[in-house]
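Structure first, commentary second.
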2 protein chains.
Amino acid sequence: MIHRKRSTYRHGDLHRALVAAGTELAREGGPSAVVLREVTRRTGVTPNAAYRHFADKRALLHAVSMAAQAELARSIEQELSRIEPSGDASDVAKARLRAVGAGYLRYAQTQPGLFRTAFAEHADLRDAAAPDSAGDSGLTPFQLLSAALDGLVEAGVLPAERRLGAEFLAWSSVHGLAMLVIDGPLRGLDEEQRTFAARRLLEMVEKGL
Amino acid sequence: MIHRKRSTYRHGDLHRALVAAGTELAREGGPSAVVLREVTRRTGVTPNAAYRHFADKRALLHAVSMAAQAELARSIEQELSRIEPSGDASDVAKARLRAVGAGYLRYAQTQPGLFRTAFAEHADLRDAAAPDSAGDSGLTPFQLLSAALDGLVEAGVLPAERRLGAEFLAWSSVHGLAMLVIDGPLRGLDEEQRTFAARRLLEMVEKGL
DNA sequence: AACAAATGTGAACAGTGTCAACAATTGTGC
DNA sequence: GCACAATTGTTGACACTGTTCACATTTGTT
């Protein structure tokens, strides 16, 4: 067998390239669309090359999931940056919590494939604090939510004794709406209905927390 | 080629048998575990036999999903049957809404594989009203929730102007908690923490609706 | 310069969903 | 009764997937 010099040796940053290709696939078709052979195909490399950087297909998908969570974090951060510091501290604190929810929901609707990928493969609570899944601020979606809730307590809006486990309640509500809207039974709602449902839901959380 | 009499002809009710086998697979390993060839293997039939009853693998999975929703409905119904009619009508109405949520969450934790299957394949709002996904009472999970909310309005607990879209809010919260607990980042919570979170969540919904 | 580690390729295997052609059973019109 | 069509299953094949093992080539180390 003749072997000439290979041009595609030492790709340079194959790890990152594979994650990037997988992310694009997930963006278009969700977690099931990220198939190992297609990822390597798009990267211009042999299927087995992926095994030098990831133990499994699952490991690759996990990396893509982390990247998706980071994008989600940036969506939240963007929403947070919109709010202007008014005089009332409690109003600002409330606005920040709503911004977290709004950013979460906006990302789910804008990038349903990646959103589903972010939570498809079993993510641990450790992942929710891993730097891979953090946005530009260095905080993960979960940490951004926690910070908003802390702010609510500091501003005196939320009693301290209700703070414990509050992220679970807020997260559940928003996450559930996102899931039901993008591929659950609430799919097919038009833009107006969705924003209405989102607003009502965030009001419910604020009131019922 | 010699062809003798076949013993496995006219299975009788292959359609139902396939759904049953698929349901068992989903129960053990979630939606990804229901693989067409294994389903037919367990039913003692050739892979292609399934194509006489289902257009696709997706169609088979959809049927399993409907069956899972029916089981979910029965879990809710069981929880509803536990509540005794006390004197106060508003207390009963509130208890019924909590029962719907409790049955939902209990099923998600008891049968995570089937629960995930119920909402894995894109379910329409039509499916939420289809008789295939109804429990013994003839109502689907969504319809059971709607009925509970109607009861809340009748009892004067929930103002009528807040009734519109209320199922989406309640459903989102409970569904989100279920998802996060069974394979989301909230996995690993022990029994006590889960029931605590469930109680707090249902309180939040009742208060914030 | 010799050698080991890292990073890619090639060939192969079991397993999957699906299709086209065929066969056996069951039902139907005369 | 009986030819004939519809139903329901089987056989064989194909393209595709994730993964393993052996091998080749490049890069880093002593």
Side-chain angles (χ1 to χ4, degrees), chain A residues 1-26 28-65 113 116-117 120-122, chain B residues 1-26 28-65 113 116-117 120-122:
Chain A
M1 197 109 191
I2 303 175
H3 287 97
R4 299 173 307 169
K5 280 200 222 169
R6 292 190 228 174
S7 59
T8 61
Y9 242 90
R10 193 102 331 172
H11 174 285
D13 204 352
L14 187 54
H15 187 102
R16 200 173 309 268
L18 291 172
V19 175
T23 300
E24 285 320 300
L25 286 172
E28 298 162 15
S32 69
V34 38
V35 23
L36 193 142
R37 289 184 106 109
E38 176 65 19
V39 168
T40 59
R41 216 173 284 138
R42 292 196 177 194
T43 319
V45 94
T46 287
N48 290 340
Y51 286 86
R52 300 295 172 191
H53 300 271
F54 299 96
D56 254 330
K57 177 204 169 169
R58 277 191 55 212
L60 170 58
L61 219 169
H62 185 79
V64 174
S65 163
R116 276 161 49 207
T117 306
E121 214 41 36
H122 307 293
Chain B
M1 197 117 195
I2 303 174
H3 287 96
R4 297 174 307 171
K5 278 200 225 168
R6 290 192 232 176
S7 59
T8 61
Y9 238 89
R10 195 99 337 170
H11 174 285
D13 204 352
L14 186 54
H15 187 102
R16 202 173 306 269
L18 291 172
V19 174
T23 301
E24 285 320 301
L25 286 172
E28 298 162 15
S32 69
V34 37
V35 22
L36 193 143
R37 290 183 104 108
E38 176 64 19
V39 168
T40 59
R41 216 173 284 137
R42 291 197 176 193
T43 319
V45 94
T46 287
N48 288 340
Y51 286 86
R52 300 294 172 194
H53 301 271
F54 298 96
D56 254 330
K57 178 204 170 167
R58 275 192 57 214
L60 170 58
L61 220 169
H62 186 79
V64 174
S65 163
R116 276 161 50 208
T117 307
E121 213 42 34
H122 307 293

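Values below: every heavy atom of this structure, side chains too, minus hydrogens, waters and symmetry copies.
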Task: Side-chain N or O of A:Tyr51 closer than 4.0 Å to phosphate OP1/OP2 of D:dT20 - done: no
- [ ] Please tell me which of A:Arg37 and B:Ala55 maps to the more 5' nucleotide of DNA chain C, matching each residue to the nucleotide holding its nearest heavy atom.
- [x] A:Arg37
Open item on the list: Using whole Å, what does the distance between atom C1' of nucleotide D:dT10 and atom NE2 of B:His53 come to?
Closed with: 13 Å
Task: For atom NZ of B:Lys57 and atom C1' of D:dT17, their distance in whole Å - done: 12 Å
Task: Between C1' of D:dT8 and NE2 of B:His15, the distance in whole Å - done: 14 Å
- [ ] Rounded off to whole Å, could you give me the CG-to-P distance for the A:Leu25 and D:dT17 pair?
- [x] 11 Å
Open item on the list: For a quick check of understanding: with a heavy-atom distance under 4.0 Å over all strands, which category does A:Arg41 fall into, base, sugar-phosphate or nothing?
Closed with: sugar-phosphate
Task: Closest approach of A:Ala63 to A:Val19 (non-hydrogen atoms, all atoms of both residues) - done: CB-CG2, 3.9 Å
Task: A:Val34, A:Val45, A:Leu61 screened by side-chain contact (heavy atoms from CB on, under 4.5 Å) with A:Val39, the one that passes - done: A:Val34
- [ ] Give the rounded distance in Å between these two atoms: CZ of B:Arg16 and P of D:dT8.
- [x] 14 Å
Task: Minimum-distance nucleotide (side-chain atoms of B:Asn48 versus C:dT9, C:dT16, C:dC19) - done: C:dC19
Open item on the list: Could you tell me how far apart A:Leu61 (CG) and D:dG18 (P) are, to the nearest whole angstrom?
Closed with: 10 Å
TODO: Using whole Å, report how far CG of B:Leu60 lies from P of C:dG17.
DONE: 9 Å
TODO: Output the single nucleotide from C:dT18, C:dG10, D:dT19 whose closest atom is nearest the side chain of A:Thr46.
DONE: C:dG10
- [ ] Rounded to the nearest angstrom, tell me the gap between atom CZ in A:Phe54 and atom P in D:dG18.
- [x] 14 Å
Task: Residue A:Arg16 excluded, over 12 heavy atoms near CZ under 6.0 Å - done: no
Open item on the list: For A:Arg58, I'd like to know if atom CZ has over 12 heavy atoms of other residues, nucleotides or ligands within 6.0 Å.
Closed with: no
